[in-house]
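One-based numbering, in listed order, for ligands and for the atoms of each.
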Amino acid sequence: MMPKKPNNAVTPSAQELIPNGQRRPIPQSVKDDIKWLKLPKELSHEFERQSEMESRVSSYAMACFGLGIWCCYSILDQLIYGYWEAIIAGNSSYLHSSLVIERTVVAAILIFAVIKYRNPSNKYISSTIKFLILLSISAGTAAAAAIHEAINGYNLSGTLVILIMIISLPINISLMTCIFFSFTVGALGIFLPIFLGVQLSKIEIFHRTWPLVVATGMGALTHYHLQLSKFNQFLLHRQMDWLAHSDGLTNLNNRRAFNEHLSKCLALAKRDNLQIALVLLDVDYFKRFNDCYGHEAGDQALISIAKVLQDVSVRELDMAARTGGEEMALILHDINFISLKETISQISKSISDLKIPHEYGVNGQISVSVGVATSLKNDNPKDLYIRADRLLYASKNSGRARATYEFDNP
Ligand SMILES: Nc1nc2c(ncn2[C@@H]2O[C@H](COP(=O)(O)OP(=O)(O)OP(=O)(O)O)[C@@H](O)[C@H]2O)c(=O)[nH]1
């Protein structure tokens with residue numbers, strides 16, 4: 001069943017976006033989703049291109065953020081250890097000052113890259129979460145640099161920056177990569193030097209512990225972030241699906257959703273040996289209504305009539321749809337003659353209770369003509385639709401504001 005949508009809904013909820021009552025697992029790939037959604041070619045190409053760009057830009061931004069944070073951390077590190085003071089005092093070695101200059105330059109390049117590649121349309125990934133995830137990566141990197149320093153006596157930071165930059169830029173960082181990288185490297189930062197018998201001072205142990213603590217916490221956040229972005233991707237696809245299947249004015253299902261559901265219902269009816277009813281409704285003298293009261297009033301009238309149809313299609317496989325300008329349809333699954341007649345009279349009564357004045361209408365009020373066809377054993381959607389349409393025109397030709405049933409007009 002297509003979801004029931006309140007008329008004034010702007011953004012439907014996740015539940016409302018599940019089409020045709022099918023609960024589908026979280027999409028595995030954008031391509032799968034495009035196929036499943038049966039989007040028109042131009043739209044699917046655009047959608048594919050955008051998601052690809054979005055993930056690429058995201059990974060660029062992530063990598064840049066990570067490296068940028070790492071550089072900032074390194075500069076801070078230099079400050080903590082008093083290198084700046086040494087430089088200012090003129091005691092610095094060429095290695096220390098060049099290290100600071102190198103990191104400052106890299107940080108500046110990365111800040112520029114983040115500004116350039118940031119993705120304002122990617123509203124689902126909050127920049128705070130992104131920041132925290134990347135902090136874990138940078139923490140791991142800092143630990144790796146520290147190991148190297150502990151073992152070999154000098155810091156490998158410059159090489160690491162370039163290496164990680166080359167590796168991470170084209171990669172879409174996955175959950176496993178992120179957790180594995182940050183956690184393992186962070187842990188190695190503490191334990192490897194100890195195993196290798198390297199003496200660590202208290203400050204050094206602290207220095208190597210925080211990346212691990214941060215990395216573990218960030219691993220959990222990474223997980224949360226990825227779940228969140230997967231869910232948002234899912235929601236985004238549902239929204240697209242909803243847009244592709246709903247009518248913009250009345251929020252009823254559109255012709256595309258109607259066609260799909262009619263085929264499905266007929267197949268189900270055939271399988272279970274049941275009968276479905278197809279009800280077509282057309283607003284009477286609607287052109288004159290528009291001419292007399294204006295298009296805005298015409299739109300409001302259509303919205304009110306749509307609401308009436310929505311209210312009667314409450315069962316799971318029933319569906320109300322707007323199939324054309326002032327034409328709407330109702331698919332009623334597994335229905336008997338008595339319930340069918342009751343439903344149609346309830347619709348007529350509710351529309352009449354709307355009391356929308358129509359100077360040129362039947363009885364001075366807005367009304368609908370209705371054609372009701374019921375499915376035959378081996379019916380197909382097209383034949384059923386044609387029969388309902390003929391019955392609708394029989395209602396029009398016999399005075400409007402009435403319903404014509406198939407069994408009345410065999
Ligand atoms: N306000 C409004 N009018 C619409 C919309 N879609 C279609 N229409 C109008 O609906 C009218 C349909 O007119 P016709 O097909 O001549 O039918 P009718 O005047 O209802 O006459 P009968 O069906 O014979 O009773 C046209 O004037 C369309 O402009 C819409 O979304 N909003």
Counting heavy atoms under 4.0 Å, the part of D299 that contacts ligand 1 is both
Whether D284 and K396 form a salt bridge (side-chain N of Lys/Arg under 4.0 Å from carboxylate O of Asp/Glu) is what I want to check. yes
Counting from 1 in the order shown, the ligand 1 atoms closer than 4.0 Å to a non-hydrogen atom of R400 are 22 (P), 24 (O), 25 (O)
Contact summary for L278 and Y385, nearest pair of heavy atoms: CD2-CA, 3.6 Å
Based purely on interatomic distance, does R288 place a nitrogen or oxygen under 3.5 Å from a nitrogen or oxygen of ligand 1? no
With a 4.0 Å cut-off, would you call R255 and D247 a salt bridge? no
In the protein, what heavy atom is nearest to atom 9 (C) of ligand 1, and what distance, to one decimal place, separates them? N290 ND2, 3.4 Å
Interfacing atoms of ligand 1 (cut-off 4.0 Å, heavy-atom, D282): 23 (O)
Could you work out, for atom 15 (O) of ligand 1, the closest of K287, E327, E326 by heavy-atom distance? E326
What atoms in ligand 1 come closer than 4.0 Å to a heavy atom of G298? 1 (N)
Salt-bridge test for R387 and E406: reply yes if a basic N is under 4.0 Å from a carboxylate O, no otherwise. yes
May I ask you to list the atoms of ligand 1 that are less than 4.0 angstrom from any heavy atom of L302? 30 (C), 31 (O), 32 (N)
Would you tell me which option among E296, R322, H295 has the nearest heavy-atom contact to atom 31 (O) of ligand 1? R322
Provide the number and element of each atom of ligand 1 under 4.0 Å from a heavy atom of G325. 6 (N), 7 (C)
Cation-pi check, R400 to Y360: give yes when NZ or CZ is under 6.0 Å from the six-membered ring centre and within 45° of the ring axis, no otherwise. no
So, N363 side chain and Q365 main chain: donor-acceptor pair closer than 3.5 Å or not? no
Considering only the protein, which heavy-atom contact is closest to atom 23 (O) of ligand 1, and what is its distance? K396 NZ, 2.9 Å
May I ask you to check if ligand 1 and F286 share an N or O to N or O distance below 3.5 Å? yes
Measure the distances from the heavy atoms of Q300 to every atom of ligand 1 and state whether one is below 4.0 angstrom. no
Heavy atom of the protein closest to atom 25 (O) of ligand 1 (residue, atom name, distance): Y285 N, 2.8 Å
Is the shortest N/O to N/O distance between V283 and ligand 1 below 3.5 Å? yes
What residues, two or more places apart in sequence or in another chain, satisfy ring-ring contact (aromatic ring centres under 6.0 Å, His included) together with Y285? none
Which heavy atom of A244 sits nearest to which heavy atom of N254, and what is that distance? O-ND2, 2.9 Å
Flag yes if more than 12 heavy atoms outside R390 fall under 6.0 Å of its CZ atom; otherwise flag no. no
Hey, can you pull the donor-acceptor pairs under 3.5 Å for the side chains in residues 290-303, sequence neighbours left out?
| unit_1 | atom_1 | unit_2 | atom_2 | d |
| --- | --- | --- | --- | --- |
| D291 | OD2 | K287 | NZ | 3.2 |
| Y293 | OH | E359 | N | 2.8 |

